[in-house]
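Structure first, then comments.
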Amino acid sequence: MKKIVLFLIMILSLITIYTNFKTTDNSKFIVKNKNYEIKEIKDDSNIKYNYIIYDDNHNEMDKGITYRINPSITNTYGILQLCINEGTGLTNCRYYDTKEKKKSKWFETPILSNNKIVVKLNKLPNPTAIIIENIFDKSNSYKKYDINFSNKELWPLNDIKFVSDNQIEITYISDSEKIETKIILLDF
């Protein structure tokens, strides 16, 4: 009988200890796949997001935390694009070639990208040019293409797209307040 009582006391003690030290897991996966995962963590009244980027062999390439804003990850042309909206209209993006295990620098508010280049405006508001940068080659800095954007428009860009690997088409409001379209040959 003593053995049974001691056994029950020991079981109850373990249950009490477990209950007192148990932490609630307030996290859940938003996205989880071969090359990345995003996990939402609720802590008191705060929400934060942990992200991890993996190469094709599932080795960690990068990780980080954002607060209150869920990062977005897209796969474009075989390159992962991680973007974090700063809540002010600005977005910071980083690119990952998971096959070649390459990570880019952070780019501020890119407007277009493919597997080689990032296109962005030279300044906000009232841009005067577009900037083309190589995603992974930091020694190949950037090229500037002047555009006669309207200086009365905060965002004079109507549309921009690739028409080939080395050409983009840009439609914008010009300084003469007309909508113009221009094809730009990228000499990268």
Side-chain angles (χ1 to χ4, degrees), residues 27-43 46-138 140-145 147 149 153-163 165-172 184 186 188:
S27 65
K28 66 179 179 177
F29 282 104
I30 303 293
V31 179
K32 184 174 184 175
N33 73 23
K34 176 185 172 188
N35 290 113
Y36 60 91
E37 60 187 52
I38 300 174
K39 194 174 192 180
E40 177 186 82
I41 301 169
K42 292 182 180 177
D43 184 22
N46 296 321
I47 296 176
K48 63 183 177 180
Y49 298 90
N50 288 352
Y51 63 85
I52 302 175
I53 308 294
Y54 300 103
D55 67 18
D56 286 350
N57 297 320
H58 206 68
N59 298 312
E60 188 177 296
M61 290 180 67
D62 196 14
K63 65 181 177 181
I65 298 172
T66 63
Y67 295 91
R68 294 176 289 156
I69 297 175
N70 185 1
S72 70
I73 300 177
T74 55
N75 188 332
T76 307
Y77 301 99
I79 302 295
L80 290 182
Q81 178 188 39
L82 166 71
C83 290
I84 301 170
N85 184 322
E86 300 299 327
T88 60
L90 298 177
T91 301
N92 290 312
C93 297
R94 179 176 262 178
Y95 299 85
Y96 304 88
D97 182 336
T98 59
K99 184 178 180 182
E100 298 295 321
K101 301 174 179 138
K102 293 180 184 176
K103 173 175 72 172
S104 76
K105 68 177 188 172
W106 286 98
F107 293 94
E108 186 178 299
T109 313
I111 53 176
L112 187 65
S113 66
N114 64 12
N115 61 342
K116 295 177 185 164
I117 62 170
V118 170
V119 181
K120 59 185 191 170
L121 298 174
N122 66 327
K123 62 181 180 171
L124 293 173
N126 303 111
T128 58
I130 58 170
I131 303 294
I132 310 294
E133 289 189 65
N134 188 296
I135 293 175
F136 298 110
D137 186 359
K138 294 174 182 128
N140 190 358
S141 59
Y142 71 90
K143 300 240 178 179
K144 180 179 172 184
Y145 297 88
I147 307 288
F149 287 125
E153 299 287 328
L154 294 177
W155 187 263
L157 188 63
N158 282 359
D159 191 31
I160 187 167
K161 62 186 174 186
F162 286 100
V163 290
D165 285 343
N166 64 343
Q167 288 183 334
I168 59 174
E169 180 181 277
I170 180 170
T171 303
Y172 59 97
I184 299 173
L186 307 174
F188 244 79

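Note that the structure is a prediction, hence the values are computed from the model and not measured. Values below: every heavy atom of this structure, side chains too, minus hydrogens, waters and symmetry copies.
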Is the closest side-chain heavy-atom distance between [X] and [Y] below 4.5 Å?
| X | Y | result |
| --- | --- | --- |
| Val119 | Tyr145 | no |
| Thr98 | Met61 | yes |
| Phe136 | Tyr95 | yes |
| Tyr51 | Thr66 | yes |
| Phe107 | Ile131 | no |
| Trp106 | Leu82 | yes |
| Phe162 | Ile168 | yes |

Check: What's the verdict on side-chain contact (heavy atoms from CB on, under 4.5 Å) for Thr76 and Asn114, showing C-alpha distance, side-chain angles and the deciding distance?
Finding: CA-CA 7 Å; Thr76 307; Asn114 64 12; 5.9 Å; no
Measuring from atom [atom1] of [X] to atom [atom2] of [Y], what distance do you get when rounded to the nearest 0.5 angstrom?
| X | Y | atom1 | atom2 | result |
| --- | --- | --- | --- | --- |
| Ile184 | Ile130 | CD1 | CD1 | 3.5 Å |
| Lys143 | Leu186 | NZ | CG | 10.0 Å |
| Glu60 | Tyr54 | CD | OH | 6.0 Å |
| Asp137 | Ile117 | CG | CD1 | 13.0 Å |
| Asn33 | Leu80 | CG | CG | 8.0 Å |
| Glu37 | Ile53 | CD | CD1 | 9.5 Å |

Notebook entry, point to check: Going through the checks in order, is the side-chain contact (heavy atoms from CB on, under 4.5 Å) test met by Trp155 and Leu124?
Noted result: CA-CA 8 Å; Trp155 187 263; Leu124 293 173; 3.5 Å; yes
Note to self: side-chain contact (heavy atoms from CB on, under 4.5 Å) for Phe149 and Ile170? Distances and angles first, verdict last.
What the structure shows: CA-CA 11 Å; Phe149 287 125; Ile170 180 170; 3.9 Å; yes
Next item on the list: Indicate the atoms forming the closest heavy-atom contact of Arg68 with Tyr49, along with that distance.
Entry: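 In terms of heavy atoms, the two residues are closest at C-CE1, 3.9 Å.
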Item checked: Where Asn92 and Glu108 come nearest, the two heavy atoms and their spacing ->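 What the structure gives for the nearest pair is OD1-CA, 3.6 Å.
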Just by distance, do the side chain of [X] and the backbone of [Y] share a donor-acceptor pair under 3.5 Å?
| X | Y | result |
| --- | --- | --- |
| Asp55 | Asn57 | yes |
| Asn50 | Ile65 | no |
| Thr91 | Thr109 | no |
| Asn126 | Glu153 | yes |

Item checked: Residues that Asp62 engages under side chain to side chain donor-acceptor pair (under 3.5 Å), provided they are two or more places apart ->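 Applying side chain to side chain donor-acceptor pair (under 3.5 Å) to Asp62 gives Arg94, Tyr96.
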Checklist line | Atom CG of Asn166 with >12 non-hydrogen neighbours under 6.0 angstrom | finding: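 Yes, because the 6.0 Å sphere around CG of Asn166 holds more than 12 heavy atoms from other groups.
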Checklist line | Audit row: Asp56, Lys101, side-chain contact (heavy atoms from CB on, under 4.5 Å) steps and yes/no | finding: CA-CA 8 Å; Asp56 286 350; Lys101 301 174 179 138; over 6 Å; no
Next item on the list: Start with the C-alpha distance between Lys120 and Glu133, add both sets of side-chain angles, then the distance that settles salt bridge (charged side-chain N to carboxylate O under 4.0 Å, His left out), and finish with yes or no.
Entry: CA-CA 8 Å; Lys120 59 185 191 170; Glu133 289 189 65; 3.0 Å; yes
